[in-house]
Amino acid sequence: MPKLILPDGSRVELPEGEPVGGALEPGAIAARVDGELRDLSFVPEADVEVEPVEAGSDDGLHVLRHSTAHVMAQAVCDLFPGTMYAIGPAVQDGFYYDLQLPRPVSSDDLLDIEVRMREIVAADQPFVREEVERSEALQRLAGQDFKREIIEQLGEQEGEVASGDTVTLYRNSEWVDLCLGPHVPSTARLGTFKLTSLAGAYWRGDEKRPQLTRIYGTAWATQEDLDDYLHRLEEAERRDHRKLGRQLDLFSNPEELGPGLWVWHPRGGIFRKELEDYVRNLHLDRGYDLVVTPHIARSVLWETSGHLAKFAENMYPPMHDEQGDYYVKPMNCPFHVLIYKSQTRSYRDLPMRLSELGTIYRHERLGTLHGLLRIRGGTQDDSHIICTPDQLVEEILKVFDLTLEIHSTFGFGDPVVNLSTLPGQTIVDEAMAARATEALTNALDRSGLAYTVAEGEGAFYGPKVDFHFKDAIGRLWQLTTVQCDFALPERFDMEYTGEDNQRHRPVMVHRAILGTLERFSAVLIEHYAGAFPLWLSPEQIRFVPVADRHLEHCEQLAARARETGLRPFVDASKESVGKKIRAAQLMKAPYTLVVGDRDIEAGTYTVRDRDGNETPGLVFDDVVAALAEEARSRRLEQTRFGS
RNA sequence: GCCGGCGUGGCGCAGCCCGGUAGCGCAAGCGAUUUGUAAUCGCUAGGUCGUCGGUUCGAAUCCGACCGCCGGCUCCA
């Protein structure tokens with residue numbers, strides 16, 4: 001009689017031929033048996049370690065979602081006879097199933113599918129696992145072309161496996177799917193779910209193969225978890241930079257410009273200026289030089305750099321004149337190389353750190369564009385550090401330091417760091433690639449940062465280190481990238497004269513700490529939900545006159561605020577006080593002063609902050625001094641007056 | 001580029017299924033009110049219904065193509 005060893009160390013005897021579920025019900029929906037996820041119906045043959053898998057755990061949600069995907073496909077097959085089903089995995093927060101339907105479906109159909117799914121849940125159909133021979137599986141899944149392909153390929157991959165090998169089917173009621181499992185014991189054990197969206201997806205992700213309809217859903221152990229998830233979606237929507245950008249009058253993308261191209265309005269312009277001044281000045285402090293380069297260059301530059309060979313599909317088509325072809329720049333690096341090459345360089349000149357807020361254009365595919373996060377024209381905080389091989393690791397470490405300093409200013413905490421090695425398609429030979437990767441690895445190890453390695457994800461000219469930062473609601477954004485490049489120095493024949501009076505090849509580090517300012521701005525807007533820290537806020541202190549006769553006094557206060565470098569705004573509209581305060585709140589004005597007879601008589605004022613806190617009896621000069629200090633120090637929290 | 005959805009005054013939306021030459025709220029302008037911490041009242045103006053073409057006596061509405069946006073796929077920073 002096999003024994004079950006439970007996580008608490010206790011042992012339970014299991015009658016011969018009985019499934020593990022008996023010992024784990026009713027809490028569990030699956031089991032981990034000797035480390036493997038199994039159905040509750042799994043029958044052990046010897047003593048095993050068993051852990052119950054509950055619906056709310058990571059494992060449990062995975063099983064739950066996968067089972068929900070099955071039931072959805074089953075429901076679709078019921079409603080649309082002739083449906084072919086492909087694959088239906090659990091994903092982050094939910095699941096999907098890729099289907100080929102006999103007719104196009106729309107989001108209205110999702111409701112019908114949900115209704116049918118609930119019927120299947122109510123029917124309490126057991127998920128039955130069957131191990132059958134491949135030939136039988138093919139028979140049982142006759143007409144299911146995608147499944148047939150998977151079954152046939154299973155055989156291929158395993159090479160010499162004899163024809164007697166078996167595959168696993170899961171069946172509930174009459175509906176059968178090829179699947180490894182495990183699943184919940186019965187459809188009644190599904191949690192709460194909701195179908196969310198429709199999308200197209202290629203069979204096996206291959207553009208040349210049939211396009212299937214992907215139906216997405218979300219599934220959770222309890223109604224409460226589903227509600228939490230829906231709230232998180234709402235929260236993300238509330239922070240959507242496209243919506244806030246319009247509400248706060250920061251930027252827009254009129255259709256006449258073209259997709260992925262944006263104009264910044266006056267309010268957005270101030271925000272951009274503050275951002276740009278901050279990074280530019282900080283770079284000067286850290287030994288960077290500022291350079292300026294044009295937006296287009298002759299094709300020969302891009303031939304030398306390798307962009308036309310490896311990056312052409314992301315470049316706008318060339319324009320011509322009598323001198324030949326010109327390309328709009330997708331990167332700044334070749335220009336910085338030319339600046340380096342404008343003189344003979346010596347080791348005494350190195351490291352050279354050339355920095356530019358360089359505007360680049362990339363012909364990104366239409367479907368990938370997304371607000372300011374994914375654009376066709378944007379400005380990078382782009383720098384190229386040209387140094388000797390000996391200086392390389394030290395320079396990379398300095399970049400890491402600057403990265404952490406800058407991001408902490410915005411309130412981003414510990415980064416998630418990735419080292420991406422070279423992709424297959426490169427312009428770099430293996431020896432160079434190895435040196436570049438080694439330098440990055442060395443720097444990472446010395447920095448003490450934890451990192452993971454992503455093979456083949458690097459740029460075409462070199463491996464890179466990426467920094468991802470977590471925003472206020474826990475989403476990770478890739479912001480910083482540091483790339484190590486031995487290839488461009490070679491291609492452009494860059495040199496310096498060493499201490500030994502010989503010519504040497506320098507090394508180049510490409511790095512953007514914010515990435516593109518557009519993308520970074522979008523991330524900041526979502527991170528702050530539009531409520532910028534004072535230093536970035538387009539307006540900093542808003543004056544609301546109670547009646548017209550207080551307008552002039554407001555103007556005087558505004559002038560005093562302006563003298564200390566603050567950005568005041570006077571609401572001169574002929575609206576009620578309530579309406580003007582509401583307007584201030586909607587524009588996320590950091591501080592609002594309502595000014596009337598009482599204040600003018602007393603010579604003190606009431607400050608309202610963005611959270612609606614009011615502090616009366618404040619001396620104006622004190623308020624202005626406190627705010628000037630808040631902005632100067634780039635503090636993230638609002639000043640609490642009166643405490 | 002592909003699949004699905006959407007495109008109506010500056011913004012958010014209704015009307016479209018069942019064709020009969022547009023409606024609401026906010027914003028704007030004007031007037032009244034002069035107001036004390038998230039919406040005072042009234043009036044006015046503003047739209048070739050994304051573009052082009054087709055069907056029809058008649059198209060915001062039906063059909064087609066194109067443009068753009070959104071959600072995915074794909075690609076990638």
Side-chain angles (χ1 to χ4, degrees), chain A residues 91 96 98-101 104-110 196-216 237 240 242-243 246-247 249 252-261 311 313-314 330-331 360 362-371 373-376 378 380 382 420 423 425 457-460 464 466 477-481 483 510 512 515-516 518-519 542 544-551 573-587 589 592-599 605-616:
Chain A
V91 293
Y96 67 79
D98 283 346
L99 307 150
Q100 191 168 69
L101 291 143
V105 292
S106 73
S107 39
D108 296 338
D109 295 312
L110 296 186
T196 50
S197 64
L198 280 169
Y202 298 104
W203 171 230
R204 307 232 136 144
D206 184 344
E207 272 183 63
K208 292 177 195 71
R209 311 200 61 176
Q211 178 143 23
L212 309 175
T213 303
R214 175 170 297 180
I215 303 179
Y216 280 94
E237 202 178 314
D240 191 313
R242 293 164 302 182
K243 200 174 146 197
R246 196 165 34 236
Q247 268 171 24
D249 195 14
S252 61
N253 69 140
E255 193 177 326
E256 294 89 326
L257 286 181
L261 302 170
F311 206 68
E313 59 181 57
N314 281 311
M331 293 189 194
I360 56 169
R362 295 186 183 178
H363 200 255
E364 299 290 352
R365 294 170 79 166
L366 280 170
T368 67
L369 301 176
H370 180 88
L373 283 170
R374 206 71 177 189
I375 53 186
R376 281 185 164 175
Q380 285 183 321
D382 201 7
S420 302
Q425 285 260 310
E457 297 288 312
F460 70 81
K464 62 178 184 177
D466 296 320
W477 302 94
Q478 187 203 306
L479 299 175
T480 299
T481 155
Q483 298 164 355
H510 306 238
T516 70
E518 284 77 5
R519 176 179 155 81
R542 183 179 282 226
V544 172
V546 170
D548 288 350
R549 63 179 180 281
H550 309 118
L551 186 56
S573 67
K574 291 175 68 181
E575 296 293 346
S576 67
V577 173
K579 184 92 167 253
K580 285 187 280 197
I581 287 164
R582 180 177 152 79
Q585 201 74 44
L586 289 175
M587 289 309 272
T592 302
L593 266 65
V594 177
V595 178
D597 293 332
R598 293 207 303 255
D599 311 278
Y605 301 86
T606 301
V607 173
R608 178 193 171 93
D609 70 19
R610 202 152 38 196
D611 297 324
N613 302 312
E614 290 166 42
T615 315

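Chain letters run A, B, ... following the sequence lines, proteins first and then strands; every chain starts at 1.
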B:A28 -> Watson-Crick or G-U wobble partner, both distances under 3.5 Å, gives B:U44
Closest-nucleotide 5' rank along RNA chain B - winner of A:K574 and A:T481: A:K574
Between B:C26 atom P and A:K243 atom NZ, what is the distance in whole Å? 19 Å
Could you tell me whether A:H550 contacts a base, only the sugar-phosphate backbone, or nothing, with contacts defined as non-hydrogen atoms closer than 4.0 Å? nothing
Quick one: pull up CZ in A:R242 and CD in A:E237 and give me the separation to the nearest 0.5 Å. 9.0 Å
Nucleotide of B:U34, B:G68, B:C75 approaching A:P259 most closely (side-chain heavy atoms): B:G68
What nucleic acid atoms does A:R365 come within less than 4.0 Å of, heavy atoms only: base, sugar-phosphate, or nothing? base
Base paired to B:G53 (Watson-Crick or G-U; both N/O distances under 3.5 angstrom): B:C63
Give the nucleotide from the list B:C73, B:U37, B:G71 with an atom nearest to the side chain of A:R214. B:C73
Check A:T592 against A:A584 and note the closest heavy-atom contact, atom names and distance. OG1-CB, 3.6 Å
Got a donor-acceptor pair under 3.5 Å from the side chain of A:Y202 to the base of B:G1? yes
Pairwise P distance for B:G9 and B:G1, with rounding to whole Å: 25 Å
Ignoring backbone atoms, establish whether A:S576 has a side-chain N or O less than 4.0 Å from OP1 or OP2 of B:U40. yes
Does A:T196 reach a base, just sugar-phosphate, or nothing at all? Heavy atoms under 4.0 Å. nothing
When all nucleic acid strands are considered with a 4.0 Å heavy-atom cut-off, which category describes A:V577: base, sugar-phosphate, or nothing? sugar-phosphate
Within the structure shown, what part of the strands sits under 4.0 Å from A:D466 by heavy-atom distance: base, sugar-phosphate, or nothing? nothing
What is the base-pairing partner of B:C16, counting Watson-Crick and G-U wobble geometry with both distances under 3.5 Å? none
Take atom P in B:C24 and the same atom in B:C57, then report the distance between them in whole Å. 33 Å
Figure out the CG/C1' separation between A:L99 and B:G72, and round it to whole Å. 15 Å
Calculate, to the nearest 0.5 Å, the distance between atoms OG1 and CG belonging to A:T481 and A:D382 respectively. 9.5 Å
Taking the same atom, P, in B:G54 and in B:G4, what whole-Å distance lies between them? 26 Å
Counting just side-chain N and O atoms, does A:R204 come under 4.0 Å of either OP1 or OP2 of B:U74? no
Side-chain N or O of A:H510 versus OP1/OP2 of B:A77: is the shortest distance under 4.0 Å? no
With a 4.0 Å cut-off on heavy atoms, is A:L593 in touch with a base, just the backbone sugar-phosphate, or nothing at all? nothing
Dump the intermediate steps for side chain to side chain contact (heavy atoms under 4.5 Å, CB included) on A:T516 and A:Q380, then the final yes or no. CA-CA 4 Å; A:T516 70; A:Q380 285 183 321; 3.8 Å; yes
Assign each of A:D240 and A:K579 the nucleotide of RNA chain B bearing its closest heavy atom; nearer the 5' end lies the nucleotide of A:K579
Please report the distance separating the P of B:C52 from the corresponding atom of B:C67, rounded so that it comes out in whole Å. 15 Å
Can you tell me if A:T196 uses its side chain to pair, donor with acceptor, with the backbone of A:Y216 under 3.5 Å? yes
Answer with base, sugar-phosphate or nothing: what part of the nucleic acid does A:D597 contact at a heavy-atom distance below 4.0 Å? base
By nearest atom, which of the nucleotides B:A38, B:G1, B:A77 is closest to the A:Q585 side chain? B:A38
Base, sugar-phosphate, or nothing for A:G578, non-hydrogen atoms under 4.0 angstrom? sugar-phosphate
Same-atom distance (P) from B:G42 to B:U48, integer angstrom: 28 Å
By side chain to side chain contact (heavy atoms under 4.5 Å, CB included), A:L366 pairs with (sequence neighbours left out) A:P259, A:L369, A:R376
Looking for any heavy atom pair under 4.0 Å, which part of the strands does A:E364 touch: base, sugar-phosphate only, or nothing? base
Considering only the P atoms, how many Å lie between B:U21 and B:A65, rounded to the nearest integer? 29 Å
Remember a base hit wins even if backbone is also touched, and classify A:G371 as base, sugar-phosphate or nothing at under 4.0 Å, heavy atoms. sugar-phosphate
Pairing check on B:G1: which nucleotide meets the Watson-Crick or G-U wobble criteria with it, both distances under 3.5 Å? B:C73
Any side-chain heavy atom of A:M587 sitting closer than 4.5 Å to one from A:R542? yes
By the Watson-Crick or G-U definition, both distances under 3.5 Å, B:U37 is matched with none
Which is true for A:R242 with a 4.0 Å heavy-atom rule: it touches a base, it touches only sugar-phosphate, or it touches nothing? sugar-phosphate
Within the 4.5 Å heavy-atom criterion, are A:Q100 and A:T213 side-chain neighbours or not? no
So, is A:R246 near the phosphate of B:G12, with a side-chain N or O under 4.0 Å from OP1 or OP2? yes
For A:R598, answer base if it contacts any base atom (sugar-phosphate contacts may also be present), sugar-phosphate if it contacts only those atoms, and nothing otherwise; contact means non-hydrogen atoms under 4.0 Å. base
Any-strand Watson-Crick or G-U partner of B:G68, both distances under 3.5 Å: B:C6
Give A:Y216 one of three labels, base, sugar-phosphate or nothing, depending on what nucleic acid heavy atoms sit under 4.0 Å from its own. sugar-phosphate
Determine the Euclidean distance between corresponding P atoms of B:C73 and B:C13; express it in Å to zero decimal places. 24 Å
Rounded to whole angstroms, how far apart are CG on A:L110 and P on B:G5? 11 Å
Checking contacts here: which listed nucleotide (B:A77, B:U37, B:G71) is nearest the side-chain heavy atoms of A:R362? B:A77
